[in-house]
Amino acid sequence: MEISSEHRIFLKKAEKIAFDKEHRAKIKFNIGRYDVAVKKGKTIFRNLDDARNRAGYVKYKAVNELEKYLIQFETNFVNNGGKIIWAKTEAEAIKEIQKLLKERKVKSVVKSKSMITEELELNRALEKKKIEVTETDLGEFIVQQAGQKPYHIVTPAMHLSKEDIAELYHKKFDTPESLNPTELTNYTRELLREKFVSADVGISGVNFLIADMGAIAVTENEGNGLMSMSFPKLHIAIAGIEKILPRLEDLDLFWPLLSTHGTGQQLTAYKSIISGPRKAGEIDGPEEMVLILLDNSRTNLLSKERQRQALSCIKCGACLNVCPVYKNIGGHTYNTTYSGPIGAVITPHLKDFATYKHLSFASSLCGACTEVCPVGIPLHELLLFNRKEAIDKGYYTYFEKKTNDISTFALSSRKRLDMTGGGLKNFALKLMVKKAWGPRRELPVMAPKSFAQMWKEMSEEDK
Ligand code: SF4
């Protein structure tokens, strides 16, 4: 088969950005700061390995018993006064949200940071219906003003320096070009305050669905999520079905794991547990709360015996920050909602496998992602399972097939391998991998002589 257009675009963008020194410097600076914070943050755990093992066990068990916990969650959430809408696809979720907004004649919504709304491309869908959408997380607000998508699942504006942001604000809001980060933040805060007060609806994502309590848990640093969820009359929360945790007590483990691995903080500044709309006698909170529970091919991933483990992901972003490929090509190159190692594992299953399987090949398989994952997802192994699935399904090019056939033929017989000398072997190898090696590097001479020749010479020397 031919390579997909997504694959072609990916290769082109990757080739360009990998040599962009300015981009590299910004990412290096931001990830460098993250690394220092994470090292400090992790000292909260007396035994981090135990914590990771426990979290991995709890989350994977919940994934394997999704049906049971989701039903338990639904019963409790509805008893708390919330309403649940199950959405099988992206289109169904958007239709339901648009319907809710239309019925209430909504003109503006405030949104807190949420990758699932990115997955739905919700802003675009609402703006088409002439509804104003304001991102209220600072990083999300910045990328929204820049007309971009989030660069990273935790830090959406990681690719922008403070100078880039000052310049962007100058262009958009005519603020002085010299604004420093504090001034930029204060300016944004003023702007958003008015939006919070006037918005008809607040939309948020969900970090965890707590089954035994029928509540959602949301963690953040700016308080914008809390305001988006409590100021407007209607709160719409959107969650993937995999976000389930069995018990409220599980947050004792998952909140610190998420914050230390996400930002290096021992705990994020605001942690909210919301168990439905405002009740009689309560002074704040929305009058209505609707939760959209989204499948959007998560059950497809669940059906894969090995890759389903990726549904344990708590979206901390740690695997992106250690990935040598991500650090070179950046988040936008993936052109998917979820980038980096976790994105490369799940996207082919959440979207079209043939179109996105190339992401699973864009990895050095160094295992750094697996090593840092707080819930112990063996990411590099799952990438290999995706690769195997691609091959089993026949998703390879004619050239790849021929190269594999020739290598298998040559390597499967010692006799055949010894028929040629080192020079010819190096030449053949160069010919086969030249394209993948790229035009900017010279392939090293692998071995000046054949193994048999070297063995013979060494044995003679030893005599
Ligand atoms: S796969 Fe693991 S490290 Fe990567 S985002 Fe998910 S939880 Fe974090």
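Since this is a predicted model, take the numbers as computed values, not measurements. FYI, side chains are in, hydrogens and waters are out, and symmetry mates aren't considered; it's all heavy atoms of this structure.
In this structure a side-chain-to-backbone donor-acceptor pair under 3.5 Å is missing from Ser112 to Gly225. In this structure, Ser360 contributes its side chain and Leu383 its backbone to no donor-acceptor pair below 3.5 Å. Side chain of Asn30 to main chain of Met158: a donor-acceptor pair is present (N/O by atom type, distance under 3.5 Å, no hydrogens or angles). Side chain of Ser412 to main chain of Phe409: a donor-acceptor pair is present (N/O by atom type, distance under 3.5 Å, no hydrogens or angles). Between the side chain of Thr260 and the backbone N or O of Leu257, at least one donor-acceptor pair lies under 3.5 Å. In terms of modelled atom types and a separation under 3.5 Å, the side chain of Gln144 and the main chain of Glu135 share a donor-acceptor contact. No donor-acceptor pair closer than 3.5 Å links the side chain of Thr136 to the backbone N or O of Val110. With hydrogens and angles disregarded, a donor-acceptor distance shorter than 3.5 Å links the side chain of Ser363 to the backbone of Leu365. For Glu220 (side chain) and Leu226 (main-chain N/O), a donor-acceptor pair under 3.5 Å exists by modelled atom type. Side chain of Asn221 to backbone of Thr268: no donor-acceptor contact under 3.5 angstrom is found.
Annotation: side-chain hydrogen bond (donor to acceptor under 3.5 Å, both in side chains) contacts of Ser312 (sequence neighbours excluded): none.
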I would like to know whether Glu74 and Trp86 meet side-chain hydrogen bond (donor to acceptor under 3.5 Å, both in side chains); could you show each step before the answer? CA-CA 10 Å; Glu74 181 180 33; Trp86 295 84; 3.0 Å; yes
Checking side-chain hydrogen bond (donor to acceptor under 3.5 Å, both in side chains) for the pair Glu222/Tyr270: CA distance, chi angles, key distance, verdict? CA-CA 7 Å; Glu222 297 164 15; Tyr270 298 93; over 6 Å; no
With side-chain hydrogen bond (donor to acceptor under 3.5 Å, both in side chains) as the criterion, how do Gln72 and Asp212 come out once you've worked through the C-alpha distance, each side chain's angles and the decisive distance to 0.1 Å? CA-CA 7 Å; Gln72 188 190 2; Asp212 68 350; 6.0 Å; no
Under the criterion side-chain hydrogen bond (donor to acceptor under 3.5 Å, both in side chains), I'd like the reasoning laid out for Ser4 against Glu6: C-alpha separation, chi angles, the key distance, then a yes or no. CA-CA 5 Å; Ser4 68; Glu6 274 297 325; over 6 Å; no
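Between Lys68 and Glu65, at least one side-chain nitrogen of the basic residue sits less than 4.0 Å from a carboxylate oxygen of the acidic one, meeting the salt-bridge criterion. The existence of a salt bridge linking Asp50 and Arg54 is excluded, since no basic side-chain nitrogen approaches an acidic carboxylate oxygen closer than 4.0 Å. By the 4.0 Å N-to-carboxylate-O rule, Glu242 lies close enough to Lys315 to be salt-bridged with it. Using a 4.0 Å cut-off between a side-chain N of Lys or Arg and a carboxylate O of Asp or Glu, Arg124 and Glu127 do not qualify as a salt bridge. For the pair Asp352 and Lys357, the salt-bridge criterion is not met [side-chain N within less than 4.0 Å of a carboxylate O]. The residues Arg247 and Asp250 are annotated as salt-bridged, a charged nitrogen and a carboxylate oxygen being separated by less than 4.0 angstrom. Between Glu132 and Lys195 there is a salt bridge, since at least one side-chain N of the basic residue sits less than 4.0 Å from a carboxylate O of the acidic one.
The aromatic rings of Tyr151 and His159 sit parallel, their planes meeting at an angle under 30°, below the 60° perpendicular limit. Aromatic ring orientation, Phe73 versus Phe77: parallel (interplanar angle below 30°, classes split at 30° and 60°). A parallel orientation is assigned to the rings of His358 and His7, their planes being inclined by less than 30° (bins at 30° and 60°).
Within the 4.5 Å cutoff, the side chain of Tyr356 has heavy atoms near those of the Lys351 side chain. Between Leu209 and Leu291 the shortest side-chain heavy-atom distance falls below 4.5 Å.
At least one test fails for Lys59 against the ring of Phe254: distance under 6.0 Å to the centre or angle within 45° of the axis.
Side chain to side chain, Tyr338 and Glu119 meet the donor-acceptor criterion of an N or O pair below 3.5 Å.
Screening residues 323-332 for side chain to side chain donor-acceptor pair (under 3.5 Å), with sequence neighbours left out, gives Arg24-Asn328.
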